[in-house]
Amino acid sequence: MNKETLKKTVEAILFSSDTPLTVKELASFLDVEKSLVKEAMDLLAEDYKDRGVNLVAIAGGYQFLTSPNVYRFVADFHKRESKHSFSRASLETLAIIAYRQPITAQEIAALRGVQSVSQILRNLLEKNLIKIAGKKDVVGKPSLYKTTRFFLETFGLNSLDDLPDLKELGVEE
Amino acid sequence: MEDFANFEIEIQNFTGPLDLLLQLIRKHKLEISEISISEITDKYSRVLKKMQEMNLDIAGDYFVMASTLMLMKAKSLIPREKEAFEEMKEELIFKLEEYEKITAQAKILAEKLNARQKMFERGFKEDFVSKERPLVVAENGAFILANLYAGVLRRLKALEPDIIKKSKYTMKQVVSAIYDFFRRRKKARFYEIVKGKDKSYVVYSFSSVLELIKENILKGVQTSHFAEIILLKGKKYSYKERDRIISRYE
């Protein structure tokens, strides 16, 4: 497959997908070098930079998303507001898990100064934003929680490394 | 007293006692490391009292913190408890500083979410749940189903007196009805099967469905835990199997 065809193919597959696709997934499906797929994606991202639809790096992959510049019109057209809403308490819990994973329920509760976070955890599990990733090797073998790939997608993060450093906010780590 | 007016609006926004403390500290532009326990205890107690007056449903956590603060305040007045007091104060300061970081992190997430929500993917109008991969009911299926069943009951708002009486339904009736459902279609939602029926029918249907899943006559699929269950014909779906199941209850 020549580069021009590869670029078009990658564009078409990405266009037809409603979830982010990774370079690895596409490379193994198309049976071409990862570097070539990455190159095609980067070229596409550049092509789409100033369009109504952008190719965005998200959850370790790439996805076509409408441009935030025209957000208002798209949202109004579909009569659609924010998709997910979170209470401050659940956002806090999610932040703790995101920044300190893997972490147990008890550790989360202690950090938040509350007795129990089980209801919130259940809710986040239900929403597929967190997952149980093994047990901690202490008495009682409590479950350890981690964020999911879906979490990255929902928050528009490419990877956990994308979470800003607290120093940027003027808070000492 | 002057801060109560503002607090009334914010009061329901506390996510816990540490949050309340932190907001009090910020409101008075204090440094966490330099708080006066005596002063913060008084302020905290006043807000808590105000919350009680407003008849808010206050979690026990707030009172635990209030008593910890009061204990610290008491210790601070007794010279020989000075060391214990300093230790407690240090711990509280540490907790508050940790918590402050968390609120900053939560803020980052909120901003990220906000930015992401300004971009739409294809088919974004679909439900949250429908995007997730279906989850075939496994060993913990019964637990998941039990929770689901509780949800169904809530939804049906079935209000029946708590008297145990002989049911109007039989297993035979219910299993036959489920089979009738599948005569016309390949899949059904559990909710559809019991739609418009009373609580007792729901209970019968639910245990029948569990039985049918166990016997591989039906297959249960869920998009996520506690989500609605979708029923499909299983490997052993046949009228012969139906009669075999029914005969057990005769």
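What you see is a predicted model; the values in this text were computed from it and never measured.
T15(B) contributes no side-chain N or O that, together with a main-chain N or O of R88(A), makes up a donor-acceptor pair within less than 3.5 Å.
Residues I58(A) and R116(B) approach most closely at CD1-NE, 3.5 Å, considering heavy atoms. Across all non-hydrogen atoms, the minimal contact from G113(A) to P17(B) is O-CG, 3.2 Å. Listed here is the closest heavy atom pair of L91(A) and A110(B): CD2-CB, 3.5 Å.
Counting heavy-atom neighbours within 6.0 Å of E33(A) CD, excluding the residue itself, gives a total of 12 or less. In the displayed structure, K89(B) atom NZ is contacted under 6.0 Å by more than 12 heavy atoms of other residues, nucleotides or ligands. A 6.0 Å sphere centred on CZ of R26(B) holds more than 12 heavy atoms belonging to other residues, nucleotides or ligands. Other residues, nucleotides and ligands contribute only 12 or fewer heavy atoms inside 6.0 Å of the CD atom of E87(B). A 6.0 Å sphere centred on NZ of K95(B) holds no more than 12 heavy atoms belonging to other residues, nucleotides or ligands. At most 12 heavy atoms of other shown residues, nucleotides or ligands fall within 6.0 angstrom of atom CZ in F73(A). The neighbour count for Q106(A) CD, taken as heavy atoms of other residues, nucleotides or ligands under 6.0 Å away, does not exceed 12.
Between E98(B) and R100(A) there is a salt bridge, with a side-chain nitrogen of the basic residue lying less than 4.0 Å from a carboxylate oxygen of the acidic one.
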Carefully, step by step, assess M119(B) and V56(A) under the rule side-chain contact (heavy atoms from CB on, under 4.5 Å).
CA-CA 10 Å; M119(B) 302 185 283; V56(A) 183; 4.1 Å; yes
From CA spacing to verdict: side-chain contact (heavy atoms from CB on, under 4.5 Å), Y99(A), I102(B)
CA-CA 9 Å; Y99(A) 276 89; I102(B) 290 159; over 6 Å; no
Checking L109(B) against F151(A) for the side-chain contact (heavy atoms from CB on, under 4.5 Å) test, could you report, in this order, the C-alpha distance in whole Å, the side-chain angles of both residues, the deciding distance, and whether it holds?
CA-CA 10 Å; L109(B) 281 192; F151(A) 161 79; 3.8 Å; yes
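Taking chain B as the reference chain and counting heavy-atom pairs below 4.5 Å, the highest number among D162(A), L111(A), L157(A) is found for L111(A).
Of the two parts of L163(A), only the side chain, counted from C-beta on, holds a non-hydrogen atom closer than 4.5 Å to a non-hydrogen atom of chain B. For T93(A), no part sits under 4.5 Å from any heavy atom of chain B, backbone or side chain.
A cation-pi arrangement, defined by a distance under 6.0 Å to the six-membered ring centre and an angle within 45 degrees of its axis, is present between R122(B) and F15(A).
When side chains are defined from C-beta on, V64(B) counts as touching Q115(A), because their heavy atoms get closer than 4.5 Å. For the pair T19(A)/E121(B), no side-chain contact is recorded, criterion being any heavy-atom separation below 4.5 Å from C-beta on.
We find the CZ-NZ distance between F155(A) and K112(B) to be 11.5 Å, quoted to the nearest 0.5 Å.
For the residue pair Y99(B) / E92(A), a side-chain donor-acceptor distance below 3.5 Å is found, with atom types taken as modelled.
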